[in-house]
Each structure stands twice: as C-alpha cells, then as structure tokens.
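Only one structure is covered here, and it is reproduced in the block below.
These values consider heavy atoms only, across backbone and side chains, with no hydrogens, waters or symmetry-generated copies.
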Amino acid sequence: MNHISLPPGLARDVSRVDAIVRERVAARTVVLDIANQSIDPATAGMLAALALLAARLGPQPNREAALHSAATGELIYASSCVHDNLMAAERRGLSTSKQWSGDVALMVGDYLFALAAAEMALAPDPRIISYFSQSVMAISEGQLAPTITILPLEQAIEQYLYQAESATSALFRAAGKAGMVCGGGTQEQVDTLGEIGHALGLAWHMIDDIRDFDASPADGRDKRGRLRAGVITLPLIYAADAEPQLEWEQMLGSGEPSEAHVRTMLAAVQRTGAVERARADARQHVRHALTLLDSLPDSAAKIMMRDLIQAVVSEPSR
C-alpha cells in the first residue's frame, strides 16, 4: 500500500493524534523504543484517519472527542504490535530486541493497553469504551488462535478469517463506530461505520500479508520474515490450494522452516498467482466498504473516506 496522502486539515488532526500518543509515553524511553521497533511505518495513522473521518461524517462532529478516540485506537494498535512481535519471537526462540528482554516487551505491550484504557476514560459516551474494550478482547483471542491449518482450503480460510477479524478488523470496526459516535450520528450510522471499518480491516490485513511477498528478494527471503517464522498468510494458503502436492505441513510443521523450504514456498506463491488471488479478496472487501459508504449523506468527509478506503488496495509505489 502507498503511504496515504491526507488533505491538510485531516493531516493536522492525524499529527495531533500522534502527538497525543507520544505525550502519553514521553517519560518512558523503553516504551517508545520497543513500540517503534514493532510498528511498520507504512501503517502509521490509518486508524486515526478512519476514526477522525468517521466523526466528520456525522452531523455534529466533536473534534476533541474524536482526537482522543483516534489516540485510543492507535495505542491499542501499538500494544497489539508489540505483543505480536513478542509471540513471534518466542515461537522462534529469539530475543525481541538487542537491548530489551521478552519480559520487558510484554510489560510494554501491557503498559500501552493501560494507556489506551486511560484514553478511553476521556470518552464522552460509554459506547466508545464498550467498542474499544470489545476490540481488545477480540485481539487477545486472535493472538491465542493463529492460523495453523493450510489444507484443505475451506478449513484454512475459516481459520484465517477468524484470525484476521480478531487481530485486525475488530479494531477497525471499533475505530469507525467510535468516530461516528463522536460525530453525533444515529445508531444506524454508527453501525454502518462499524461495518465499513470491519470490511476495511479485512482488506488491510490481506494487503499486509501481500506486502510480505511483493518484490521479494531473489535469495528466497520474504521481506519481513513471517514466512521464515512459519506464519500462514493468505497468499500461502492459496499457493497450497494450487499445489497441494507439495509437503506443506512438513515445511511449516517445525515452526521455523529451513531456508530450502522458504525458497520452495516463495517459488510456489510466485508461480501460482497466489498474491493476485489474495489481492482480489482484499479488493472485494474494499468494494463492500465503498458500497456501505454510499448510503451516507454526501460531504467532503465522504470523499476523503472514499479515498482512504481505496488507498488500501492501491498498488505500491516503485
């Protein structure tokens, strides 16, 4: 995905959200250090933009409330990234950092969750607390239920979608709903923004998978190491469906595939068109989000939201 180009007014608010988050952790160098290691710069600000635009889509936007809701989403996202990296490192028997132990990383993730809870307490409407609390529970469930089946296709997709919904789209749903609450929308509009967030979150999760394989190096190493950690992503599932004769369970069963197995799986992904198959799924979810958006009144915020949604599946810059 390209870095999102935001209109000046929205960009200022997203920057303000980033400033709020940094203010909360300014006195904790270890928190900033581990969080910065865990968050992909390409994803920065997406949840904030979603929440802020959802508020602007409402009839009576409350800017301050929207800023705090957006900051809550970003803090929860940062915490989940830290926990995800910790669990991946534990599976591979690696340290999460050259400087900090896994115990410290665990505490940092918990600390970020606590900061998010404090930010939630500033919400003017108890529904916002409920939405984000539900997303935290879903994220925790998703972290405990990674995709472990790659064949048959139906079972693998079922597990994958559950994990994607728990780990990613639940937080997008919460950000959309909280934003519209801050916009003074009806409950129907709040629910619509939740569904938009849900669809957008699924697309985001799938595109995030694809980024592991786009322009992979020729030496057989995926860019971000998730394949080398034995993580089953959507392109991998589709490659296995296309070439089930390969020994997928054996290659993934150890939790950390050998370099030879990594090269074999990467070649299968590239040979079978699995990336484009996964991208088509992401585009389908984006189309669904856009259809839902069409039901809302026309406004400048709606145009910006449409651009934000479409940016998720735009081709990366070369």
Side-chain angles (χ1 to χ4, degrees), residues 1-6 35-50 74 77-78 80-85 87-89 91-92 139 142-143 146-147 150 156-157 160-161 163-169 171-172 197 199-242 252 257 262-263 265-287 289 307-318:
M1 180 190 140
N2 296 325
H3 288 277
I4 300 169
S5 177
L6 301 175
N36 286 337
Q37 290 179 40
S38 301
I39 299 174
D40 187 334
T43 69
M46 179 64 181
L47 280 164
L50 173 61
E74 291 290 341
Y77 173 69
S80 67
C81 287
V82 171
H83 282 155
D84 280 346
N85 279 5
M87 293 179 70
R91 284 195 296 267
R92 299 177 64 196
I139 288 168
Q143 288 173 333
T147 304
I150 197 164
I157 291 294
Y160 174 83
L161 288 177
Q163 204 275 334
E165 289 167 356
S166 300
T168 305
S169 70
L171 185 52
F172 277 68
L200 187 59
L202 287 176
W204 180 275
H205 192 96
M206 292 171 181
I207 292 297
D208 193 49
D209 282 357
I210 290 168
R211 290 173 59 231
D212 282 355
F213 299 96
D214 276 345
S216 294
D219 66 356
R221 294 173 180 266
D222 59 312
K223 290 195 296 184
R224 295 190 296 162
R226 292 196 296 189
L227 177 55
R228 297 178 71 237
V231 176
I232 297 175
T233 54
L234 189 58
L236 210 60
I237 290 172
Y238 282 144
D241 178 58
L252 293 164
V262 168
R263 287 193 293 271
M265 289 187 285
L266 274 173
V269 168
Q270 294 161 359
R271 185 169 57 242
T272 60
V275 165
E276 280 309 310
R277 193 173 172 185
R279 199 188 305 277
D281 285 359
R283 287 173 174 154
Q284 180 178 353
H285 290 295
V286 161
R287 286 193 295 271
D307 290 343
L308 185 75
I309 293 170
Q310 291 174 329
V312 171
V313 291
S314 62
E315 297 296 329
S317 300
R318 297 298 181 189

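Minimum interatomic distance between Gly230 and Pro257 (heavy atoms only, all atoms of both residues): N-CD, 3.6 Å. Looking at every heavy atom in both residues, Thr147 comes nearest to Tyr160 through OG1-CA, 3.3 Å. For Ile237 against Ile157, the heavy-atom pair with the smallest separation is CG2-CD1, 4.0 Å. Counting all heavy atoms, side chain and backbone alike, Ala167 lies closest to Ile139 at O-CG1, 4.1 Å. Smallest separation of non-hydrogen atoms from Thr168 and Gly201: CG2-O, 3.5 Å. Residues Leu202 and Ser169 come closest through the heavy atom pair N-CB, 3.7 Å.
Rounding to the nearest 0.5 Å places CZ of Arg283 at 7.5 Å from CD1 of Ile207. A distance of 6.0 Å separates CZ of Arg287 from CD of Gln284, quoted to the nearest 0.5 Å. From His285, atom NE2 reaches atom CG of Leu200 across 11.0 Å, with rounding to the nearest 0.5 Å. With values rounded to the nearest 0.5 angstrom, Met265 atom CE is found 12.5 Å from Gln270 atom CD. Atom-to-atom distance recorded for Leu227:CG and Arg263:CZ is 12.0 Å, nearest 0.5 angstrom. Taking CG of Leu234 as the reference point, atom CZ of Arg279 lies at 11.5 Å (rounded to 0.5 Å).
With ring centers used as reference points, His205 lies 6.0 Å or more from Phe172.
Checked by atom type and distance alone, the side chain of Glu74 pairs as donor or acceptor with a backbone atom of Ala48 at under 3.5 Å. When atom types are taken as modelled, the side chain of Ser166 and the backbone of Gln163 share no donor-acceptor pair closer than 3.5 angstrom.
Asp209 places a side-chain heavy atom less than 4.5 Å from the side chain of Arg226.
Under the side-chain contact (heavy atoms from CB on, under 4.5 Å) test applied with Ile150, the options Asp241, Thr233, Leu252 reduce to a single match, Leu252.
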>> For Met206 and Val313: C-alpha separation, side-chain torsions, deciding distance, then whether side-chain contact (heavy atoms from CB on, under 4.5 Å) applies.
In response: CA-CA 9 Å; Met206 292 171 181; Val313 291; over 6 Å; no

